[in-house]
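Within every chain, numbering begins at 1; the chains are lettered A, B, ... in the order of the sequence lines, protein sequences first and strands thereafter. In this text the structure is predicted, and so the values were computed from the model without any measurement.
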There are 2 protein chains.
Amino acid sequence: MKAVAPSEVEQRLEYLRLACRNTGMRMTHQRMEIFHEVAQCNEHPDAETIFKRVRERMPTVSHDTVYRTLASLEEMGLVRRVETVAGRARYDANGDTHHHFVCTRCGQISDFYLEQEPSIPKGIEELGRAESLQVQVRGICHNCKNN
Amino acid sequence: MKAVAPSEVEQRLEYLRLACRNTGMRMTHQRMEIFHEVAQCNEHPDAETIFKRVRERMPTVSHDTVYRTLASLEEMGLVRRVETVAGRARYDANGDTHHHFVCTRCGQISDFYLEQEPSIPKGIEELGRAESLQVQVRGICHNCKNN
DNA sequence: TTCCTATATAAGAACTATTCTTATTTGGAG
DNA sequence: CTCCAAATAAGAATAGTTCTTATATAGGAA
């Protein structure tokens, strides 16, 4: 899985600075590191993975800080919590409209894009006020298929 | 939320009998009760809810049996594990092709149907072998909107 | 029907993901 | 630099799920 382009990562970090300024949240080292970790990869890592990676550079960071920071980032709209496959929430810093291919064997989630975005179906207003639409394709990724 | 029609429940129970016969799994009282509980409602209940309801009629049923049975039913294709909203898996015995409206406030999941099913998008084969496609609409349900 | 045994179960301990508590530290305004 | 509300570290607590072990039972065989 290829990494996110450095310019894109830099732009995402700039959004973080802006969002902190706008909401009055402090721009702590921990927030920088945690967001950077999510922003630089497109593997939709879970909290434990992020915790371990951040801990390599910041050995005293705590679980709580990682979970709390991810929740804050989600509130600020900088990351999205993605469907959980087996008990663990996963996070995605890709703000573009996109969809997910979920491997039902290993849980890996890959982004894909549609040429034409589907519209919110008629009849949804009976159920509630729609805010977003996402297509999820489930299947077995190539890696798992080849064992 | 209206209940599932009795004839439909009966048909789902018939599928269970068939599936048990085909796979050599035993048709235990617990499996009957647990599946019946999922099959008769369309609220996509979570395991704890199912546990409590089954326990009313079967006071000694254990958590483990409920979780284990739901996993077996999923393997047999009789129920589907639905995206978790806040840590809890939810289950759905509606075998028809359908899609979900998820309330991001209360977690309630409602089914909806599309007049025309979307096809698996081109380009997915790069990621893996697709098996199913589901549209998820997120928003706030009427109940939550009116507090 | 009764017997047999692999499969399933109950009970509760254990495990895993996440959140809470409390004492301490720190970003950033003034 | 000083101050303090906000954020953090550490680890306890909680919630959801799975595992362990002794017991029970579905369903085939006799």
note: F51(B), atom CZ; dA15(D), atom P; distance rounded to Å ~ 15 Å
Residues passing the salt bridge (Lys or Arg N to Asp or Glu O under 4.0 Å) test with R17(A), sequence neighbours excluded, are E10(A), E14(A)
With sequence neighbours left out, the residues meeting salt bridge (Lys or Arg N to Asp or Glu O under 4.0 Å) with D64(B) are R68(B)
When rounded to whole Å, the CE to C1' distance for the pair M76(A) and dA6(D) reads 13 Å
Across all chains, not counting sequence neighbours, the side-chain contact (heavy atoms from CB on, under 4.5 Å) partners of E8(A) are V4(A), A5(A), Q11(A), R12(A)
In whole angstroms, the gap separating C1' of dA9(D) from CD of E33(A) amounts to 16 Å
Solution key, residues 56-63 of chain B side-chain donor-acceptor pairs under 3.5 Å, sequence neighbours excluded:
residue: R57(B); atom: NH1; partner: E33(B); partner atom: OE1; Å: 2.3
residue: R57(B); atom: NH2; partner: E37(B); partner atom: OE1; Å: 2.6
residue: S62(B); atom: OG; partner: T65(B); partner atom: N; Å: 3.2
residue: S62(B); atom: OG; partner: T65(B); partner atom: OG1; Å: 3.0
residue: H63(B); atom: NE2; partner: E48(B); partner atom: OE1; Å: 2.8

Applying side-chain contact (heavy atoms from CB on, under 4.5 Å) to S132(B) and not counting sequence neighbours gives R138(A)
Separation of dT14(D) atom P from E48(B) atom CD, nearest Å, is 16 Å
In this structure, CG of L73(B) is separated from SG of C20(B) (nearest 0.5 Å) by 8.0 Å
In whole angstroms, the gap separating P of dT16(C) from NZ of K52(A) amounts to 11 Å
The correct set of residues in residues 16-30 of chain A placing a heavy atom under 4.0 Å from DNA chain C is R26(A), M27(A), H29(A)
With five pairs defining each end axis, the helix from dT1(C)-dA30(D) to dG30(C)-dC1(D) comes out bent, to 10°, by 30°
Under a side-chain separation threshold of 4.5 Å, the hydrophobic residues clustered together with I120(B) are F101(A), F112(A), L114(A), I120(A), I124(A), L127(A), L133(A), V135(A), V137(A), F101(B), F112(B), L114(B), I124(B), L127(B), L133(B), V135(B), V137(B)
Under a 4.0 Å heavy-atom cutoff, the residues of residues 62-72 of chain B touching DNA chain D are D64(B), Y67(B)
Sorted by chain and number, sequence neighbours left out, side-chain contact (heavy atoms from CB on, under 4.5 Å) with N22(A) holds for none
From CD of E75(B) across to P of dA8(C) the rounded distance in Å is 11 Å
Check your understanding: In terms of side-chain geometry, is the basic nitrogen of R81(A) or E75(A) positioned less than 4.0 Å from the acidic oxygen of its partner?
Key -> no
To the nearest angstrom, the CE-C1' distance between M58(B) and dA24(D) comes to 13 Å
Salt bridge (Lys or Arg N to Asp or Glu O under 4.0 Å) filter on E117(B), not counting sequence neighbours, yields none
Whole-Å distance, M32(B) CE to dT25(D) P, equals 17 Å
With sequence neighbours left out, the residues meeting salt bridge (Lys or Arg N to Asp or Glu O under 4.0 Å) with R26(A) are none
